[in-house]
Structures are given as C-alpha cells and as structure tokens.
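These numbers come from a predicted model, not from an experiment. Here is the naming used below: chain letters follow the sequence lines, and residue numbers restart at 1 for every chain.
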Amino acid sequence: MNRAIADALAAAPERGVQEDVMVLNMGPSHPAMHGTVRMVLTLDGETVIKCDPEIGYLHRGFEKQCENATWSQVFPYTDRLNYCSPLLNNFGYALAVEKMLGIKATDRCNYIRTILGEMARLADHFTSLGAGALELGAMSAFLYAVEARDHIWDLVEEVTGARLTVSFARIGGLKEDLPDNFAERWEATEPRLWDVIKKLDQLSTKNRIFMDRMMNTGTIGADEAISLGFTGPVLRSTGVAYDIRKDSPYFAYDRVDFEVPVGTNGDNYDRYLVRLEEMKQSISIIRQCLKGLPGGPLNVDDPHIMLPPKELVYNSIEGMINHFKLIFEGIQVPAGEVYSYTEAANGELGFYIVSNGTGKPYKLRVRPPCFYFMGGIDRMIEGGMLSDIIPTFDTINMIGGEVDR
Amino acid sequence: MSRAALDGLVATFPQHILETTDRLGDEVAIVAPAGLLEIATWLRDTPALAFNMLSDVTAVDYLARNPRFEVVYQLYSVSKKHRLRLRVPVGAESPSLTSVTSVWLSANWAEREVWDMYGIRFEGHPDLRRILMYEEFEGHPLRKDYPMQQSQPRMDLRRKERDAVEEYKTLYVDKLAQARKAEP
C-alpha cells in the first residue's frame with residue numbers, strides 16, 4: 001500500500017514547491033539508528049519515496065570465526081548476536097548442537113532454560129519498548145523500562161555471574177544450577193516488573209502523542225510479511241499467530257500454559273501492544289516453571305559431551321585426559337546437517353549447522369530474525385513521512401549484532 | 001511431518017529431484033539447479049503444502065567436492081506448520097543459480113548475502129549487490145579457500161557516493177520524459 005503512494009509520488013509530473021527530490025543519509029551514526037545502520041532516503045518534501053537500508057557496519061565475521069573454533073568456543077560469540085537477550089542465543093545454539101548429537105537435555109535443565117530464556121525476553125522487550133518511547137520523546141517511560149531491565153539483569157548476574165556476556169549454556173546442559181535463593185529473589189523482583197509494565201502502559205498506551213505517532217504508521221500486511229520472512233512480534237502484529245514456542249514446542253514450553261497475543265493492523269501500535277502483552281505472558285511462564293521445577297540432574301551424563309568436575313580433573317588421570325580431550329579437540333559431533341530454530345525475542349532464531357565429524361563446525365549459519373526485517377523495512381517506510389521512520393525502526397527492534405554478525 | 005511433501009516432489013518432478021532424506025527429523029530434498037524455480041513455485045502454490053515462507057537461504061562450500069557449492073533453502077508453511085529444506089548443488093566455475101525472488105520476497109536480501117559471502121550469482125535477482133561487505137572488497141570471505149587472516153588492499157576515498165537522486169532520475173524522471181515524447 002505504501003509502495004503505491006511512493007510510486008505515485010515519484011512519477012508525479014509536477015513536483016510542487018520543491019523542484020527536485022532530496023537525498024538524506026540517515027546514519028550510520030545517528031542516535032535513532034540503533035547499532036549502526038544507514039538508510040539512504042529519497043525525500044519529496046517530508047515524504048519518503050525511496051528507502052535503501054545499508055547494513056554491514058557491525059560485521060565481524062561470526063561464521064568465519066565459528067568455523068575456526070570448537071563447538072563449545074562458539075558460545076561467547078553467540079552472546080554478541082542479539083546483545084539484548086544473550087541467553088536466548090546461547091540456548092538456541094545449544095539446542096541445535098544437541099539436535100545434531102541426538103541427545104535431550106534433562107528435565108530440570110529444560111525448565112531452567114525456559115525460565116532464563118523468558119527473563120531474557122523480558123529484558124529485550126523492556127529495552128525495545130523503552131527505547132521506542134524515548135525516541136518519541138517519552139524520557140520517563142525509558143527510565144522506568146531500563147530500571148526494570150536492570151532488575152532482571154541483577155537476577156541474571158546472580159545466576160550466571162555476568163550481566164550481558166553470559167555464555168551460560170553448555171552443550172547438554174548449563175554451566176551451573178540456579179542459586180538456592182533464586183525463587184525468593186524472583187518473588188521480590190516480580191512485583192517490581194509488574195509495576196513497571198503498568199507504568200509503561202499508563203504512560204504510553206493511551207498517550208495522545210504516542211498514539212498519533214504509532215497508529216497506522218509502518219503498516220505491513222500479513223501475506224507480505226510472511227513472504228518477506230518476518231517472524232516474532234512483527235509478524236504476530238499482522239494477525240498471524242506464528243510462535244515457535246507453540247507451534248513446535250521445545251524446552252518446557254509444552255508444559256506451561258500461555259497465550260500468543262496477536263494484533264490486527266500490522267502497524268507500530270500493534271507491535272507495541274503485542275510486546276507489552278508478551279511480557280505479561282513471560283512472567284506467567286516463569287512463575288509456572290518455578291512452581292513445577294523438577295529435581296534431578298542438571299546436565300546430561302555423558303563424558304564425551306560434559307566436562308568432568310574439577311575435583312576429578314585435578315585428582316585423577318582419567319578426569320584430566322577427559323578434560324584435555326574436550327578442551328583441545330572439542331566435542332566430537334557426528335557428520336551431518338541440521339536446522340534448529342527457537343523463538344528469540346525478535347522472532348525465529350535459526351541455526352543451520354553442518355558437521356564433518358570433527359570438533360569444529362564445518363559451517364554454522366545463523367538465521368537472524370532482524371536481518372529479514374531490515375530486508376523488508378523499505379516497504380514499511382516508503383510512502384510514509386520521514387518522522388514515521390523512528391517508530392517503525394524502533395518497533396522492529398533491529399539489533400546490529402544480529403543483522404551484521 | 002512433511003514426508004508427504006517429499007513424496008509429492010519425487011512423484012511430480014522425478015527428473016529434478018536427485019535425492020531425499022529425513023535424517024534427524026529434517027526433511028531434505030536435493031534439487032537439480034535446472035528445476036529450482038519450477039519446484040519453488042510448485043511448493044508455494046500447492047494448497048496441501050503451502051510453503052509460503054522462505055526462512056533462510058545460505059550456502060556451504062565443500063571445497064574438495066564436485067560440485068563444490070551447495071545452496072540451502074529452508075522453507076516453512078505458516079498455515080500447515082511444516083518445514084522442508086532444499087539443497088541445490090552448484091559447480092565451482094563461475095557459480096550461478098536461478099533467483100527465487102519472484103517466489104518469496106525474503107530471497108532478495110538472503111541471496112545478496114550468499115553472493116557477498118560465497119560469490120554465487122543469482123540470475124534474475126533485481127539488485128544483486130554486496131550486502132555486508134563494501135563494494136570494493138576483493139574475494140568472498142566465507143569460501144573455504146579465503147584465509148582467516150587475509151588482508152584487503154587499501155582503497156582510495158570514493159570521489160562520489162552512490163547517488164540516489166541519479167538513480168531516481170533514471171528510474172522515473174527520464175522514463176517519464178521519454179513517455180511524454182512518445183505521446184503525439
């Protein structure tokens with residue numbers, strides 16, 4: 001629809017006040033262009049008639065690096081893909097290699113992965129909504145959202161020892177179990193998160209300026225969105241209830257009860273509402289998982305996959321050799337290929353892995369959800385106003401680390 | 001899950017399907033390059049299959065193998081909730097393949113990335129430019145014979161940026177003028 005407006009404008013014989021169109025370079029260093037991305041905009045007055053996004057400013061050769069690292073050494077690289085929710089990337093990669101090895105993580109591990117994954121999703125959505133509000137001028141909403149994100153990061157720090165670059169997952173399990181007082185800590189944090197969600201809702205949802213800027217801007221239709229490869233909240237805002245957690249459940253998602261919120265118009269406002277509702281669902285999922293958290297072992301019991309405990313490494317020759325082989329040669333993954341997919345905060349995070357039977361991946365491809373958003377963002381922007389780019393770019397929540405890899 | 005899709009493919013395009021597997025629960029069809037576009041359209045438009053989303057396109061460089069490259073398409077059907085993977089072998093000599101941008105819009109950027117990283121051309125792609133690397137980059141970094149520590153030559157400052165106004169003029173204004181001239 002927007003395309004049609006842009007085409008009509010571009011082909012209009014008379015140009016009005018301004019004789020010629022204007023080219024505007026938005027980014028790569030622009031406060032609203034998160035990460036670094038550049039848009040070459042062709043403007044007729046304030047209407048965008050052509051938008052050409054250019055990515056790659058954050059490219060660091062993720063795939064090339066992974067081909068030269070052992071299977072376990074890839075974890076720190078995955079932290080830096082979507083740096084708003086590193087835990088989800090960790091778990092997505094671990095799941096892919098586990099699928100390749102043909103092993104299943106333990107029940108307890110699956111539950112903990114679900115809990116931590118949903119916490120990461122909450123942090124990601126808080127960042128997205130807060131930054132979105134900030135760039136529309138709502139400074140206080142941003143401060144509340146960042147405060148809530150900090151509460152989550154405090155919890156993440158308690159569990160993993162790091163706030164951002166966590167590298168917490170292991171193939172076949174996790175680095176360690178939840179701390180003993182985790183449930184109490186969560187009990188204390190949860191009301192604060194509800195408080196902030198309520199505040200965000202009060203500050204933004206019925207805010208006149210916010211509504212004017214978000215409603216009917218950056219619109220995309222369901223069929224077009226599917227064809228463009230959109231997933232996650234952006235696709236759900238068009239009314240398509242595609243959520244991998246529901247459609248092909250992994251971890252403990254088949255044992256918890258949650259809703260998949262969908263929008264109707266596919267505009268910025270719907271994407272905002274979908275994210276807001278998803279946060280409520282995430283909190284509910286965490287609460288259910290904590291309630292049903294099973295006991296039992298955390299990691300799979302297989303010396304070919306899991307590192308031995310440190311006491312064995314330092315006190316027995318078998319443990320030492322086991323440790324040495326796993327660190328230097330890496331986990332031996334059988335030859336083959338696999339595509340594994342999880343629902344990250346922004347949509348389908350896929351890992352396509354090819355192994356040639358050695359300790360290093362032969363090929364490791366990430367399917368980042370944001371890459372496809374950027375491939376289709378011109379369709380959401382063209383025909384709209386220059387100022388609509390800001391909310392549109394915010395609600396697709398592009399993460400540079402993931403797009404450019 | 002989509003075993004039916006594989007059987008249907010083999011029955012409808014026996015000349016183009018080289019092999020099918022379903023190891024580890026992933027249905028895979030190896031497709032001859034000549035049949036790619038036809039098969040892609042068929043997979044999208046057959047109501048029982050309805051593969052309306054192209055999740056991902058990537059390539060693998062099997063340096064020692066012949067044909068050397070394999071382009072990999074991950075398909076998904078949002079309505080039927082099943083998946084399928086197509087693998088298309090591509091030779092090492094000036095590798096090229098038919099573009100599927102006319103079937104799925106997401107192929108646009110995905111194919112640009114494959115061209116950038118592996119140097120595989122896509123015939124019929126509307127805008128096959130590099131995407132992550134810059135225009136002057138030499139070589140294709142994800143090929144297995146591209147060394148990890150390879151350095152790139154220094155390049156001069158660009159005298160002029162790519163000019164979107166010029167593009168706009170050739171796209172619309174010039175065409176419009178020509179159309180006017182053609183009118184009586």
Colleague: Short question: side chain of B:T46, backbone of B:W42 - any donor-acceptor pair under 3.5 Å?
Modeller: yes

Colleague: Counting heavy-atom pairs under 4.5 Å with chain B, which one of A:V240, A:V403, A:D247, A:L235 comes out on top?
Modeller: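 Top option by heavy-atom pairs under 4.5 Å: A:D247.
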
Colleague: Can you tell which part of A:D404 gets under 4.5 Å to a heavy atom of chain B, answering side chain, backbone, both or neither?
Modeller: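 Answer is both: backbone and side chain atoms of A:D404 are under 4.5 Å from chain B.
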
Colleague: So which part of A:T231 gets closer than 4.5 Å to some heavy atom of chain B, the side chain, the backbone, both or neither?
Modeller: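 Just the side chain, heavy atoms under 4.5 Å.
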
Colleague: Does atom CD of B:Q150 have more than 12 heavy-atom neighbours, drawn from other residues, nucleotides or ligands, at distances under 6.0 Å?
Modeller: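 Result for CD/B:Q150: enclosed.
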
Colleague: Go through the atoms of B:R44 and report whether side chain, backbone, both or neither lie under 4.5 Å from a heavy atom of chain A.
Modeller: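 When you check distances to chain A, no heavy atom of B:R44 falls under 4.5 Å.
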
Colleague: What part of A:V354 gets within 4.5 angstrom of chain B, counting heavy atoms only: side chain, backbone, both, or neither?
Modeller: side chain

Colleague: Against the six-membered ring of A:Y362, is B:K144 placed for a cation-pi contact (under 6.0 Å from the centre, within 45° of the normal)?
Modeller: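 Because its charged atom sits under 6.0 Å from the ring centre and within 45° of the axis, B:K144 does stack over A:Y362.
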
Colleague: Which residue out of B:M117, B:R130, B:R23 racks up the most heavy-atom pairs below 4.5 Å with chain A?
Modeller: B:R23

Colleague: Within the supplied structure, the quantity of interest is the number of heavy atoms (other residues, nucleotides, ligands) at a distance under 6.0 Å from A:D223 CG; does it exceed 12?
Modeller: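 No - once you tally the heavy atoms of other residues, nucleotides and ligands closer than 6.0 Å, there are 12 at most.
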
Colleague: Go through the atoms of B:D26 and report whether side chain, backbone, both or neither lie under 4.5 Å from a heavy atom of chain A.
Modeller: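 Side chain only.
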
Colleague: With a distance cut-off below 6.0 Å to the six-membered ring centre and an angular limit of 45° from the axis, does B:R112 pair with B:W115 as a cation-pi contact?
Modeller: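 No.
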
Colleague: Can you say whether A:Y242 sits under 4.5 Å from chain B via the side chain, the backbone, both, or neither, judging by heavy atoms?
Modeller: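 Just the side chain, heavy atoms under 4.5 Å.
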
Colleague: What part of A:E348 is in contact with chain B, defined as an atom under 4.5 angstrom from a non-hydrogen atom: side chain, backbone, both or neither?
Modeller: side chain

Colleague: Quick check on the interface: out of B:V72, B:N108, B:D127, who has the most heavy-atom pairs with chain A under 4.5 Å?
Modeller: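 Among B:V72, B:N108, B:D127, the one with the most close pairs to chain A is B:V72.
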
Colleague: At a heavy-atom distance under 4.5 Å, which candidate from A:G350, A:G375, A:P369 has the highest pair count against chain B?
Modeller: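 Going by pairs under 4.5 Å, I would pick A:G375.
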
Colleague: Is it the backbone or the side chain of B:A110 that comes under 4.5 Å from a heavy atom of chain A, or both, or neither?
Modeller: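 Both backbone and side chain of B:A110 come within 4.5 Å of chain A.
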
Colleague: Check whether B:E70 reaches the backbone of B:R87 with its side chain - one donor and one acceptor, N or O, closer than 3.5 Å.
Modeller: no

Colleague: Distance-only, no hydrogens or angles: does the A:K64 side chain make a donor-acceptor pair with backbone N or O of B:R143 under 3.5 Å?
Modeller: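 Checking the backbone N and O of B:R143 against the side chain of A:K64, a donor-acceptor pair under 3.5 Å is found.
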
Colleague: Quick one: what part of A:P53 sits under 4.5 Å from any heavy atom of chain B, side chain, backbone, both or neither?
Modeller: both

Colleague: Heavy-atom distance under 4.5 Å to chain A: side chain of B:Y76, backbone, both or neither?
Modeller: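 Interface part for B:Y76: side chain.
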
Colleague: Please say which of A:F373, A:Y372, A:F371 ends up in a ring-ring contact (aromatic ring centres under 6.0 Å, His included) with A:F230.
Modeller: A:F373

Colleague: Test side chain to side chain contact (heavy atoms under 4.5 Å, CB included) on A:K360 and A:Q73 and set out the steps.
Modeller: CA-CA 9 Å; A:K360 290 175 178 176; A:Q73 282 172 344; 5.8 Å; no

Colleague: If you count heavy atoms of other groups shown closer than 6.0 angstrom to CD of A:E46, is the number above 12?
Modeller: no

Colleague: Please determine, among A:E337, A:M374, A:K363, the option with the most heavy-atom pairs under 4.5 Å with chain B.
Modeller: A:E337

Colleague: Does any backbone or side-chain atom of B:V28 lie under 4.5 Å from a heavy atom of chain A? Answer side chain, backbone, both or neither.
Modeller: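 B:V28 touches chain A through side-chain heavy atoms alone.
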
Colleague: Between A:M100, A:Q65, A:R405, which shows the greatest number of heavy-atom pairs under 4.5 Å with chain B?
Modeller: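 Among A:M100, A:Q65, A:R405, the one with the most close pairs to chain B is A:R405.
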
Colleague: Check for me whether A:R365 meets the cation-pi criterion with A:Y352, that is, NZ or CZ under 6.0 Å from the six-membered ring centre and within 45 degrees of the ring axis.
Modeller: no

Colleague: Given a strict heavy-atom distance threshold of 4.5 Å, which part of B:D61 is in contact with chain A: side chain, backbone, both, or neither?
Modeller: backbone

